[in-house]
Amino acid sequence: METAAISIKESHLDPAQAIYDTRLPSGEPGLYEVNKGQTLRIIDLEGNQAADVVFFNRHDTDEHYSLTETMLQQGGIYLTTGSVLYSSDSRAMLTIVADTCGRHDTLGGACAAESNTVRYALGKKFMHNCRDNYLLCTQQSDSGLGKADLVPNINFFMNVPVSAEGQLKFDDGVSGAGKYVELRAEMDLWMLVSNCPQLNNPCNAYNPTPIRLLIWD
């Protein structure tokens, strides 16, 4: 499967005109409503921070972002300007309309107690991780989402090349301070975010940092 070329495009939207503007601290989760036709911007404030995100149809959470449908529909494993994110029902969920980073990972998944153990050490099992973030956030919400709804996510700003042998490599990011990705919602959505708390991966210099989220009508 071919990889999409990096496609950089600046946005014309003014942050002062956004109807929603918040910072999500490093290591923290969040659940947000995004309406059809709205534009969402995710900003990597300090550089090389991974934002682990899953999208759900807000009116039918059985329909969710699908890694396989997204890759098959566009014939690539990375996301960039022009990429369309597809659902488990083969419907467009969001379109990337601007992107100053240019490459986002679909394969690396969310860190978990199990992956921390396998990748790093047995003693890392109980460290803060994205899967636990997802579970805590959904449990505390009134969204109806739960453990069974957790599916493979997007890692915005994360660089995970695939070797010729088919192995994933968690390399230094291609993002930087202030870079962003902007998406137009094609349906009413829940956006489940874990601002990755990973302390064992050198790609973020072992230093998780905040992200900023903006929404425009």
Side-chain angles (χ1 to χ4, degrees), residues 20 22 24-42 49-74 77-79 83-96 104-119 125-158 160 168 170 181-198 208 211 213-215:
Y20 185 78
T22 191
L24 185 62
S26 59
E28 293 300 312
L31 183 67
Y32 305 91
E33 293 186 14
V34 185
N35 296 326
K36 181 178 179 179
Q38 289 183 327
T39 300
L40 160 74
R41 183 185 295 178
I42 307 172
Q49 173 62 19
D52 293 37
V53 181
V54 186
F55 295 100
F56 300 88
N57 179 338
R58 204 162 74 234
H59 306 295
D60 177 10
T61 54
D62 287 339
E63 183 178 14
H64 52 76
Y65 163 75
S66 170
L67 158 65
T68 51
E69 283 296 325
T70 298
M71 288 195 301
L72 288 170
Q73 293 275 7
Q74 61 189 11
I77 61 174
Y78 302 116
L79 303 176
S83 295
V84 178
L85 281 56
Y86 284 90
S87 77
S88 50
D89 291 348
S90 301
R91 298 201 301 157
M93 300 190 86
L94 304 104
T95 302
I96 298 180
H104 308 275
D105 167 60
T106 61
L107 298 177
C111 58
E114 295 79 7
S115 63
N116 281 345
T117 302
V118 171
R119 290 178 186 165
K125 179 177 181 179
F126 302 104
M127 294 184 73
H128 199 179
N129 63 74
C130 287
R131 182 170 174 80
D132 286 349
N133 267 352
Y134 287 155
L135 292 172
L136 287 169
C137 191
T138 54
Q139 185 179 47
Q140 294 168 0
S141 75
D142 60 358
S143 62
L145 295 168
K147 184 176 182 179
D149 297 301
L150 299 185
V151 295
N153 60 287
I154 303 162
N155 292 310
F156 286 112
F157 310 115
M158 195 166 177
V160 184
L168 299 184
F170 292 82
V181 59
E182 203 168 270
L183 306 101
R184 181 184 65 240
E186 311 295 356
M187 63 174 69
D188 293 342
L189 299 167
W190 284 116
M191 178 177 68
L192 179 61
V193 184
S194 173
N195 189 20
C196 187
Q198 185 56 256
I211 60 173
L213 305 169
L214 299 98
I215 297 174

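- In this model, a donor atom of one side chain and an acceptor atom of the other lie less than 3.5 Å apart for Asn129 and Asp132.
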Test side-chain hydrogen bond (donor to acceptor under 3.5 Å, both in side chains) on Glu186 and Thr95 and set out the steps.
-> CA-CA 7 Å; Glu186 311 295 356; Thr95 302; 2.8 Å; yes
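- Here Asn153 contributes atom CG and Cys130 contributes atom SG; the two are 7.0 Å apart, rounded to the nearest 0.5 Å.
- Looking only at side-chain heavy atoms (C-beta outward), Tyr134 and Leu136 stay at 4.5 Å or farther from each other.
- Residues Glu69 and Ser88 have side chains that never bring a donor and an acceptor to within less than 3.5 angstrom of each other.
- Looking at Ser87 and Glu63, their side chains do bring a donor and an acceptor atom within 3.5 Å of each other.
- Taking CG of Asp52 as the start and SG of Cys196 as the end, the distance is 5.0 Å to the nearest 0.5 Å.
- Thr22 is linked by a side chain to side chain donor-acceptor pair (under 3.5 Å) to nothing, counting only residues two or more places apart in sequence or in another chain.
- Under 3.5 Å, the side chains of His104 and Asn155 contain no donor-acceptor pair of N or O atoms.
- The shortest distance between side-chain heavy atoms of Tyr32 and Leu24 falls below 4.5 Å.
- The shortest distance between side-chain heavy atoms of Leu192 and Tyr65 does not fall below 4.5 Å.
- Here the side chains of Pro29 and Asn195 are not in contact, with every heavy-atom distance at 4.5 Å or above.
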What do the steps show when you test Leu79 against Thr106 for side-chain contact (heavy atoms from CB on, under 4.5 Å), and what is the final call?
-> CA-CA 7 Å; Leu79 303 176; Thr106 61; 3.7 Å; yes
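- Separating the CZ atom in Phe157 from the CG atom in Asp105 is a distance of 13.0 Å, to the nearest 0.5 Å.
- Atom CG of residue Asp149 and atom CG of residue Asp62 lie 7.0 Å apart, to the nearest 0.5 angstrom.
- The stretch residues 27-40 participates, sequence neighbours left out, in these salt bridge (charged side-chain N to carboxylate O under 4.0 Å, His left out) pairs: Glu33-Arg58.
- Atom CG of Leu145 sits about 5.0 Å away from atom CZ of Phe56, to the nearest 0.5 Å.
- Side chains of Ser194 and Asn133: a donor on one and an acceptor on the other come within 3.5 Å.
- Annotation: side chain of Gln38 is not in contact with side chain of Leu40 (no heavy-atom distance under 4.5 Å).
- In this structure, the separation between CD on Glu182 and CD1 on Ile96 is 11.0 Å, given to the nearest 0.5 Å.
- Using a 4.5 Å heavy-atom threshold, the side chains of Leu135 and Lys147 count as touching.
- Inter-residue side-chain proximity for Leu85 and Ile154 is flagged as met; some heavy-atom pair is nearer than 4.5 Å.
- Side-chain contact between Met93 and Ser66 is absent, with no heavy-atom pair separated by less than 4.5 Å.
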